[in-house]
Amino acid sequence: MKVYMFHYVKDKSNYFHFDAKLFEDKIKELLKKYKIISLKDMKSNNDLNNSIMLTFDDGTIDHYEIVYPILKKLNVSGLFFIPSCIKSKKMLDIQIIHKLLEVENSEILLKKICRKLDGFGIDINNYKVDKSLDSNSMALVKQLLQFKLDKDIREKILNDLANSYHINLNVEDSYISIKHLKEMKDNNMFFGIHTKTHPRLGLLDKDEQREEISSNLNFLKSIGIVDEDLISIAFPYGSYNDETIELMKELNIKYGFKVNEDKDNYNLISRIDCNCLKEEI
Ligand SMILES: [Zn+2]
């Protein structure tokens, strides 16, 4: 079985977005060669050869407005990982960062971050960029604002930048509503945990991880979109550790979806980034 991981699917194709038209074409091509199965099919089928699953992270509104109508039309199921921002009404940092990078060049953003850090007496040279497919400045902007800086400073800088670029932080405009999640659930779509605030789980202690995971699970259960025997999780940024696996067992989470890695263990399932689809088939 191959599992594809999608983020944004939009009409306007850019660095972050998978093009909507291309999405539909690729699904049609896949259907000629493969069975596209649901989470439920995956559990009940023994033979998963020639099967494909489609997964979508972050619960952004394009998954309702663009992905869902295409899947419904083609009679195909998808698995959507939903963080708790719809409940908390607080936009995830990752989406704010993407919105900033859509409207501003990463080198200019990096200069602005650098100046702000100066104000806190922090030297940006203390931070080295981790290996990434992005350009150096793009990777450093993302990593600083996602997890490298201390939480308070990170939030302050992110808020300042969002304000100065007039980023729309209204959650209702950016994520699937609860009503629409329920509608999707009634039409053969499946849902899984993507944590409360989308942190790198592998960097948290076990109690913090428990809170992130169980609070999100309780939210999904409270709106009736997860089945007790099909609870799944996608680790934000693919980050997890042994304690995450312990928590999966404690909380009765059956499947963990990670980002591309060769070996599958426990019930961990590797995913292939959707950009690989552009070259394949
Ligand atoms: Zn995510």
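Just so you know, these numbers use all the heavy atoms, side chains as well, and skip hydrogens, waters and symmetry mates. All figures in this text were calculated on a predicted structure; none of them were measured in a lab. Counting starts at 1 for both ligands and their atoms, in listed order.
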Apply side chain to side chain contact (heavy atoms under 4.5 Å, CB included) to Lys221 and list each qualifying residue two or more places apart in sequence or on a separate chain.
Leu217, Val226, Glu228, Ile231
Determine, for Lys112 against Asp160, whether the closest basic-nitrogen to carboxylate-oxygen distance falls under 4.0 angstrom.
no
Just verifying a value: how many Å separate Ser77 OG and Leu71 CG, rounded to the nearest 0.5 Å?
7.5 Å
Checking His7 now: which residues fulfil ring-ring contact (aromatic ring centres under 6.0 Å, His included) with it, not counting sequence neighbours?
none
What is the number of protein N/O/S atoms located under 2.8 Å from the Zn ion (ligand 1)?
3
With a 3.5 Å cut-off and sequence neighbours excluded, list the donor-acceptor pairs that the side chains of residues 184-194 form with protein atoms.
| from | atom 1 | to | atom 2 | distance (Å) |
| --- | --- | --- | --- | --- |
| Lys185 | NZ | Asp227 | OD1 | 3.1 |
| Lys185 | NZ | Asp227 | OD2 | 3.1 |
| Asn187 | ND2 | Tyr68 | OH | 3.1 |
| Asn187 | ND2 | Glu183 | O | 2.9 |
| His194 | ND1 | Ala234 | O | 2.9 |
| His194 | NE2 | Asp58 | OD1 | 2.8 |
| His194 | NE2 | His198 | NE2 | 3.1 |

Worked verdict on Met42 versus Leu48 for side chain to side chain contact (heavy atoms under 4.5 Å, CB included)
CA-CA 7 Å; Met42 183 186 85; Leu48 293 176; 4.0 Å; yes
